[in-house]
Amino acid sequence: AWDKTEAITLYAKWTAKTYKVTLDVNSPSYVNAQDETVTNPASFAQGTVTTYEVTYDSDYVTLPTPTATGFDFVGWALEKTAVEPTMVQTPTVNTKVAITADQELHAQWVAKTYTAVLNLKGTTDAPASLPEGTVVSVTYGQAYGQLPIPAREKAGYTYNFLKGWN
């Protein structure tokens, strides 16, 4: 029974909801020269937590960075695979939790690009068709394509002197 005889002010007490965030390393893959799909296992450091409980409007945890041979991690997305995935801002210290449902975040990857320098192994007179130190860019998991073959000319003859690259 209400026994108050004066006006009082009541205040609502709110409790922020908690949500689960699950991380998927989403191992990257590529198609090799035999037209086979090859998956490179991605991983987190041993002992890394991959499921977090976060509380709305509280500080977010710093998410770990997975690794995969031949690929750079570029961030987290809501979709596992998509032509243009919906990337989420990777939370950092002082980022407030703003999600209102459980989420699964999927790692997104881009194949690394490497530079190969073609060296003619001590040839003293590199041909004009392939200057010493010619640079070729190659992408991890992709075919090199046709590498240049240097040619030499001698008194009206053209001949290839390269047996292959290694």
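The model shown is predicted, which means the values in this text are computed figures rather than measured ones. Basis for what follows: all heavy atoms, side chains included, without hydrogens, waters or symmetry-related copies.
Summarising the geometry of Trp109 relative to Ala107, their closest heavy-atom pair is NE1-CB, 3.7 Å, with the distance given to 0.1 Å. In plain terms, the two heavy atoms of Pro64 and Val49 that are nearest each other are CG-O, 4.2 Å. The shortest non-hydrogen separation linking Phe44 to Val25 is CE1-CG1, 3.1 Å. Between Tyr56 and Ile99, the shortest heavy-atom contact is CD1-O, 3.3 Å.
In this view, Lys80 and Asp24 satisfy the side chain to side chain donor-acceptor pair (under 3.5 Å) rule, not counting sequence neighbours. Under the ring-ring contact (aromatic ring centres under 6.0 Å, His included) criterion, Phe71 pairs with Tyr140, not counting sequence neighbours. Shown here are the side chain to side chain donor-acceptor pair (under 3.5 Å) partners of Thr115, two or more places apart in sequence or in another chain: there are none. In this structure Thr139 satisfies the side chain to side chain contact (heavy atoms under 4.5 Å, CB included) test together with Ala111, Thr113, Gln142, sequence neighbours excluded. Scored by the side chain to side chain contact (heavy atoms under 4.5 Å, CB included) test, Thr39 finds Ser27, Ser29 as partners (sequence neighbours excluded). Contacts of Thr15 classified as side chain to side chain contact (heavy atoms under 4.5 Å, CB included), with partners at least two apart in sequence or in another chain: none. Looking at residues two or more places apart in sequence or on another chain, you find a side chain to side chain donor-acceptor pair (under 3.5 Å) between Lys96 and Asp59. With sequence neighbours left out, Tyr30 forms a side chain to side chain donor-acceptor pair (under 3.5 Å) with no residue at all. Taking Val88 as the reference, Trp76, Leu78, Leu105 meet the side chain to side chain contact (heavy atoms under 4.5 Å, CB included) condition, with sequence neighbours excluded.
Within the structure, side chain to side chain donor-acceptor pair (under 3.5 Å) contacts touching residues 43-53 (residues at least two apart or in different chains) do not occur. Each salt bridge (Lys or Arg N to Asp or Glu O under 4.0 Å) pair with one or both residues in residues 65-77, not counting sequence neighbours, appears once here: Asp72-Lys112.
Rounding to the nearest 0.5 Å places CD of Glu79 at 10.0 Å from CE of Met87.
Counting Ile, Leu, Val, Met, Phe, Trp and Tyr side chains that sit under 4.5 Å apart, directly or through other members, Ile8 shares a hydrophobic cluster with Trp2, Leu10.
In this structure a side-chain-to-backbone donor-acceptor pair under 3.5 Å is missing from Asn26 to His106.
Counting non-hydrogen atoms of other residues, nucleotides and ligands closer than 6.0 Å to CD of Gln34 gives a total above 12.
Using a 4.5 Å cut-off on side-chain heavy atoms (C-beta onward), Tyr19 and Thr100 make contact.
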